[in-house]
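The figures here come from the full heavy-atom set of this structure, side chains too, leaving out hydrogens, waters and symmetry mates. All ligand and atom numbering here is 1-based and tracks the order in the structure.
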Amino acid sequence: MLRTFRQHDIRRTELLDGPWDFIKDPLNAGVQEKWYERFPHSSQSLYVPSCWNNELGMYEYEGVAWYRKKVQITTAQHVRLIFHAVLGHSDVYLDGRHLGYHYGGFTPFEFIVPSLAAGEHELVVRTDSTLDRLTIPTEQVDWFHYGGIIRPCELQCLPDLYIEQLKIDYELHGTDADVSVHVQIRSFLQVEQTTRLTLSEGGRELDSEEVRIDAGQTVSHTFKLLLPEVRLWNVGHPELYSFQVRTEDDDKTERIGFRRIETKDQRILINGTPVYLKGVNRHEEHPEWGFAFPPKLMHKELDIILELGCNSVRGSHYPQSSYWLDLLDEHGLVYWSEIPIWGAALPNETVSEPLFQQRALTMIEEMIGLHVHHPSVIFWSVHNEIDSRTQEAYGFTQALVDLVRSLDTSRLVTYATMHPLEDILLPLFDVIGINKYFGWYEGEVGGFKDMLEQFHERAMRLGAGDRPVLMTEFGGAGLSGDVGWEPRLFSEDYQAYIVTEALAIFRNDPRIGGTFIWQFADIRGDLKSTSKNFRDRARGFNNKGLVNEYRKPKQSFREVRRIYRSWS
Ligand code: ADA
């Protein structure tokens, strides 16, 4: 399931979930041997969506793999094929014809196939999960980068005139909203055609317009309306509005929430009121499902996060499922969305490489396209822990930030720095996130105080003293079940000690606007990276979760619950 609500009442859509033929291609022979025309006999089938690393014998497999699905089309029709997320490089073939290539991992891409004949068709996908120095993330990364088609593949049947895009913008004046609903309609016809376009909200018709579309063209139409006294979305007050656009043969629904995000005097304001963020870092990962995290579990995840007393989640370190964001919208939690640039071990030269930069820009564009209507999203984050002390980083970051601002000015642009005392990027951002591990990687947990003093003073000098500062990562590992009488390294007790001490320090610093504990749940680590860089990862896991990988609470969970719930 993709969303918690219906996006189409008229358009026919089908998820191609279920078993697909599957074959590994470790020697990369498939393209040469034209497997997209003659798919080799495969005894294996794999459920889609899933990650292949959760299957027997494939725990560590990184590389190329092929998928095939037979698709039945009952009558000739225009078809839209949407891949909601495939990890790494993907090439898609339909009946032996190359439809296109996509690089990414956590955002959708699509192909339109006009007038597809009735009958059986063969859909083949070649994927390559290999990480290298120019992939995002690169080969040095602190999570297990699974492979596979991790979110559903969707087949939509399109009418001759179809709604290609629906984008909703608004401006608030008090509680009155100036709303613009931008609709793009595309025609497959050889002749000019008119259609009636109708806009409604929550089932109530708001406007209707006759639109003319030239043969084979796309036309844009914007509905402008003033909605007086809208109910505002806020933390804990999830007021939502569903806008539907329909033609005679097609429709699309998008859901938004009205709220105003600003910063003032180091505070984040939602609808003019400061909010202190009580959050966790969440990887969308589970030992049985990898990144193909099932919606049912998201409901439980949300319950646990609410039980903890959180009002916000950082989506570390990549765009997470729309279904998850729907749940956050519906429960009034704030979300931080970011692309998977994980920089702690990123060489400086990499950020200047044109291919790497292009991939990052595309990922930003796709992330914003995916999440732009969710009221829960109030941060767009452009990278995590790159070497923010260098001119290379400055140039690269400037380009990313400019792109975000050209696409969306209604949210805050941010990042997470691991060099708070030497970082030269601070003035580029609306909000600054700090990742630091006193009590774990460096010194005593009390070291946060001194670091923050120096940081605030430096931010002031650099002209960024008014920016809200969030503690976006801090914590330590606690092996689930390892408890004792004193807080030994790696025990649940020591982890709970670090986290509680750190939270007390941050809460006492009036210049900190929120805390995101690293991390919500234990996650599987990447062995290639782990063996080189992360020798402290017992079990091959990053054990800094407040709950273990099966979401069983550790002592730190109970301590944080007590603290977060006591903070108003
Ligand atoms: C970094 C990084 C996280 C994780 C963490 C850790 O700050 O952003 O992804 O690797 O450190 O556990 O060391």
Notebook entry, point to check: Is there a heavy atom in Trp143 that sits closer than 4.0 Å to ligand 1?
Noted result: no

Notebook entry, point to check: At a 4.0 Å threshold, what atoms of ligand 1 neighbour a non-hydrogen atom of Tyr437?
Noted result: 5 (C), 6 (C), 7 (O), 11 (O)

Check: Arg359 and side chain to side chain contact (heavy atoms under 4.5 Å, CB included): which partner among Ile339, Ile364, Thr135?
Finding: Thr135

Next item on the list: Examine the proximity of ligand 1 to His317 and report which part, side chain or backbone, both or neither, has a heavy atom under 4.0 Å away.
Entry: side chain

Margin query: Hydrogens and angles aside, do Ser321 and Glu284 bring a side-chain donor and acceptor to less than 3.5 Å of each other?
Written below: yes

Next item on the list: Run the salt-bridge test on Lys449 and Glu453 with the 4.0 Å N-O cut-off and return the result as yes or no.
Entry: no

Note to self: With respect to His283, determine whether any N or O atom, backbone or side chain, lies less than 3.5 Å from an N or O atom of ligand 1.
What the structure shows: no

Check: Going by the order shown, which atoms of ligand 1 are within less than 4.0 Å of some heavy atom of Asn384?
Finding: 2 (C), 8 (O)

Next item on the list: Would you mind checking if Glu492 and Lys554 are paired as a salt bridge, meaning a charged N to carboxylate O distance below 4.0 Å?
Entry: no

Check: Relative to the heavy atoms of Tyr441, which atoms of ligand 1 are at a distance of less than 4.0 Å?
Finding: 6 (C), 12 (O), 13 (O)

Next item on the list: Go through ligand 1 atom by atom and flag the ones less than 4.0 Å from a non-hydrogen atom of Lys544.
Entry: 6 (C), 12 (O), 13 (O)

Check: Numbering the atoms of ligand 1 from 1, which are under 4.0 Å from a heavy atom of Asn435?
Finding: 7 (O), 8 (O)

Margin query: Please list, in number order, the atoms of ligand 1 under 4.0 Å from a heavy atom of Glu385.
Written below: 1 (C), 2 (C), 7 (O), 8 (O)

Check: Stepwise, does the salt bridge (charged side-chain N to carboxylate O under 4.0 Å, His left out) test hold for Arg539 with Glu549?
Finding: CA-CA 12 Å; Arg539 314 183 296 137; Glu549 65 273 28; 2.8 Å; yes

Check: Is there a donor in the side chain of Glu559 and an acceptor in the side chain of Thr500, or the other way round, less than 3.5 Å apart?
Finding: no

Item checked: Side-chain donor-acceptor pair present, Asp408, Ser410, cut-off under 3.5 Å -> yes

